[in-house]
Student: 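Submitted below is the structure of interest, expressed as structure tokens.
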2 protein chains.
Amino acid sequence: MQFHLQTPSLGERERMKKISESTIRRLSRYYRSLESLVEQNIETVSSDKLAEMDGITSAQVRKDLSFFGTFGKRGLGYNSNTLKKQIGEILGLGKTWKVGIMGAGNIGRALVNYAEFRKQGFDVTLIMDANPAVIGTQIAHLTVQDSRHTGKLIKEHDIEIGIVAVPKENAQQAADALIEAGIRAILNFAPVSIKAPPNVQIKSENTTIEIEALSYFLANS
Amino acid sequence: MQFHLQTPSLGERERMKKISESTIRRLSRYYRSLESLVEQNIETVSSDKLAEMDGITSAQVRKDLSFFGTFGKRGLGYNSNTLKKQIGEILGLGKTWKVGIMGAGNIGRALVNYAEFRKQGFDVTLIMDANPAVIGTQIAHLTVQDSRHTGKLIKEHDIEIGIVAVPKENAQQAADALIEAGIRAILNFAPVSIKAPPNVQIKSENTTIEIEALSYFLANS
DNA sequence: GTGTGTGAAGGGTTTCACAGCA
DNA sequence: TGCTGTGAAACCCTTCACACAC
């Protein structure tokens with residue numbers, strides 16, 4: 001892949017200065033913007049345009065990209081489709097990731113049907129719950145499995161990313177079961193922070209925090 | 001309220017150095033941790049303990065609080081219940097905020113029933129959709145309203161916080177309708193960035209970004 | 001001329017370390 | 001003694017500004 005000629009390899013990148021969390025998140029945004037440009041058949045894009053689409057500065061866009069290689073043509077800009085693929089590669093979207101969900105409540109069920117996931121290569125192939133009344137029921141193409149067998153199920157389904165979608169009281173326990181089963185990347189929807197060893201990556205989606213930030217804004221302006 | 005004696009008033013705070021987004025988000029986390037301590041009848045807490053619960057440093061906790069006043073007793077720590085109330089006050093949780101949802105799909109429906117919202121004083125009293133097949137149907141205690149009447153509905157229900165839970169193609173348009181109706185705080189669940197005038201605050205919940213950050217981590221380690 | 005890539009400057013946030021008070 | 005509150009230092013991230021390539 002031509003891409004690899006201009007981009008540092010994984011090994012090199014590991015030796016390099018650590019890439020910041022915010023850069024990664026913006027990359028994900030650029031990716032989405034580029035997707036939309038490609039759909040509209042817009043072949044070329046400048047850092048200025050990309051910045052405007054995401055409400056940031058063009059210098060930020062160029063700096064973010066510069067950590068991973070040089071992707072543009074001076075005086076011209078970037079090829080939308082090529083840049084999209086290159087960012088996709090950086091983000092690890094080149095492969096399909098197998099995703100397993102812990103908790104078949106509102107959130108768990110919604111995520112099984114979340115079209116954006118499959119579109120980006122996240123394949124939900126397992127959903128588990130502890131409630132006997134829920135185990136065995138069908139959610140789209142999946143049958144809810146018994147979370148007492150987490151270890152076995154995770155291995156059988158080759159799950160690489162775990163999602164915690166259980167009530168906050170059980171969140172740590174659910175995460176522990178996933179980690180125990182070898183999962184090293186967890187997306188947590190419960191409104192508590194989860195403890196994990198440093199080799200396990202946890203990201204949280206916490207609606208309460210977002211809406212309280214809005215509350216703060218409204219209360220203080 | 002005794003609290004106001006030691007804490008800068010809104011007016012004072014406005015004149016002060018702007019509080020960072022991350023500080024606000026951490027405040028929201030401390031609030032949740034304190035809630036749990038209060039439930040366990042733990043009366044006193046140190047910045048160290050609070051930090052440990054949230055996986056950060058104690059200096060960070062003390063610094064965050066110091067922007068708003070002095071809440072602790074040297075050599076002792078903080079009173080859990082008092083600090084909880086004080087942070088709640090800062091975050092504007094002293095009042096009930098009326099919330100309106102745009103979009104009665106999976107996410108919209110899940111949010112109507114989200115217990116954590118009501119618990120923190122966010123009261124969902126309106127849900128709207130554009131689809132005639134959905135308008136008029138019941139979701140818990142709410143009847144789905146016609147989004148063509150957004151302006152009127154928002155005013156009738158005194159909505160202060162809007163939630164965008166429509167497909168990404170319609171997200172900007174949905175936000176525009178809310179802003180047009182006078183909404184100044186929007187929580188966006190669509191995976192696109194929304195443009196708004198500077199006096200309107202937008203927070204986004206973007207699951208795709210979080211899971212792609214996990215993908216990056218797995219692909220690069 | 002146009003827009004990228006990037007060192008250097010600037011700004012902001014976190015961590016340090018300790019004075020001060022219970 | 002123990003833990004808070006906080007200036008100062010360290011660190012990190014963003015913005016600037018311009019050489020350079022197309």
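A, B, ... follow the sequence lines: proteins, then strands. Residue 1 opens every chain.
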Student: How long is the line joining CG of D64(A) and P of dT6(C), in whole Å?
Tutor: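 Computing the D64(A):CG to dT6(C):P distance gives 13 Å.
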
Student: Using atom CG of L83(A) as one end and atom P of dT4(C) as the other, report the distance to the nearest whole Å.
Tutor: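 Going from CG in L83(A) over to P in dT4(C) covers 11 Å.
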
Student: What's the shortest heavy-atom distance between S28(A) and T208(B), and which atoms?
Tutor: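 Closest approach of S28(A) to T208(B), heavy atoms only: OG-O, 4.2 Å.
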
Student: Expressed in angstrom and rounded to an integer, what is the separation of R26(B) atom CZ from dG12(C) atom P?
Tutor: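 My rounded result for the distance is 16 Å.
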
Student: Nearest-Å distance, CD1 (I19(A)) to C1' (dT14(D))?
Tutor: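 After rounding, the reported distance stands at 15 Å.
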
Student: Check nucleotides 9-11 of chain D against the protein and report each pair of N or O atoms closer than 3.5 Å, with its distance, or say if there are none.
Tutor:
none

Student: Please list, chain by chain and in numerical order, all residues satisfying ring pair (Phe, Tyr, Trp, His ring centres under 6.0 Å) with Y31(B), sequence neighbours excluded.
Tutor: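 For Y31(B), no residue satisfies ring pair (Phe, Tyr, Trp, His ring centres under 6.0 Å) once neighbours in sequence are set aside.
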
Student: Taking side chain to side chain contact (heavy atoms under 4.5 Å, CB included) as the test, write out the residues that go with Q172(A), two or more places apart.
Tutor: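 Once residues adjacent in sequence are excluded, the partners of Q172(A) under the side chain to side chain contact (heavy atoms under 4.5 Å, CB included) criterion are D176(A), I194(A), K195(A).
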
Student: What are the two closest non-hydrogen atoms of A51(B) and T57(B), and how far apart are they?
Tutor: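 Taking A51(B) first and T57(B) second, the nearest heavy atoms are CB-C, 3.4 Å.
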
Student: Can you tell me how far P of dT14(C) sits from CG of L65(B), to the nearest Å?
Tutor: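 In whole Å, dT14(C) P and L65(B) CG are 13 Å from each other.
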
Student: Going by atom types only, do Q120(A) and E35(A) share a side-chain donor-acceptor pair under 3.5 Å?
Tutor: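 Yes - a donor-acceptor pair under 3.5 Å links their side chains.
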
Student: Between dC22(D) and Y78(A), is there an OP1 or OP2 to side-chain N/O distance shorter than 4.0 Å?
Tutor: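 Checking dC22(D) against Y78(A), no side-chain N or O comes under 4.0 Å of OP1 or OP2.
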
Student: Would you call K95(B) and E160(B) a salt bridge, using N to O less than 4.0 angstrom?
Tutor: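 Yes, K95(B) and E160(B) are salt-bridged.
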
Student: Under a 3.5 Å cutoff, is there a donor and acceptor pairing between the side chains of D123(A) and T96(A)?
Tutor: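 Side-chain D/A pair, D123(A) to T96(A): absent.
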
Student: Return yes if a side-chain donor-acceptor contact under 3.5 Å exists between D129(A) and S147(A), otherwise no.
Tutor: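 The answer is no; no qualifying pair exists.
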
Student: Take atom CZ of F71(A) and atom P of dT4(C), then tell me their distance rounded to the nearest Å.
Tutor: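 So the two atoms are 14 Å apart, to the nearest Å.
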
Student: Considering just the side-chain nitrogens and oxygens of S47(B), establish if one lies under 4.0 Å of OP1 or OP2 belonging to dT4(D).
Tutor: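 S47(B) to dT4(D) OP1/OP2: side-chain N or O found under 4.0 Å.
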
Student: List the residues meeting side chain to side chain donor-acceptor pair (under 3.5 Å) with S33(B), not counting sequence neighbours, and say none if there are none.
Tutor: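 Side chain to side chain donor-acceptor pair (under 3.5 Å) check on S33(B) returns D54(B).
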
Student: Check whether the side chains of E205(B) and T207(A) place a donor and an acceptor atom closer than 3.5 Å, and report yes or no.
Tutor: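 Note: E205(B) and T207(A) side chains meet the donor-acceptor criterion.
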
Student: Grab the CZ-C1' distance between R25(A) and dT14(D) for me, whole Å please.
Tutor: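 Distance, rounded to whole Å: 17 Å.
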
Student: Rounded to whole Å, please give me the gap between CZ in F67(B) and C1' in dT4(D).
Tutor: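 Computing the F67(B):CZ to dT4(D):C1' distance gives 15 Å.
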
Student: So if I define the base as every atom that isn't primed, P, OP1 or OP2, how would nucleotides 15-22 of chain C read as a B/S/- string at a heavy-atom cutoff under 4.0 Å?
Tutor: B-B-BBBB

Student: Does the side chain of T23(A) pick up a donor-acceptor pair with the side chain of D64(A) at under 3.5 Å?
Tutor: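 Distance-only check passes for T23(A) and D64(A).
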
Student: What does the inter-axis angle of the helix from dG1(C)-dC22(D) to dA22(C)-dT1(D) come out as, five pairs per end, nearest 10 degrees?
Tutor: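 Here the local axes at opposite ends form an angle of 10°.
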
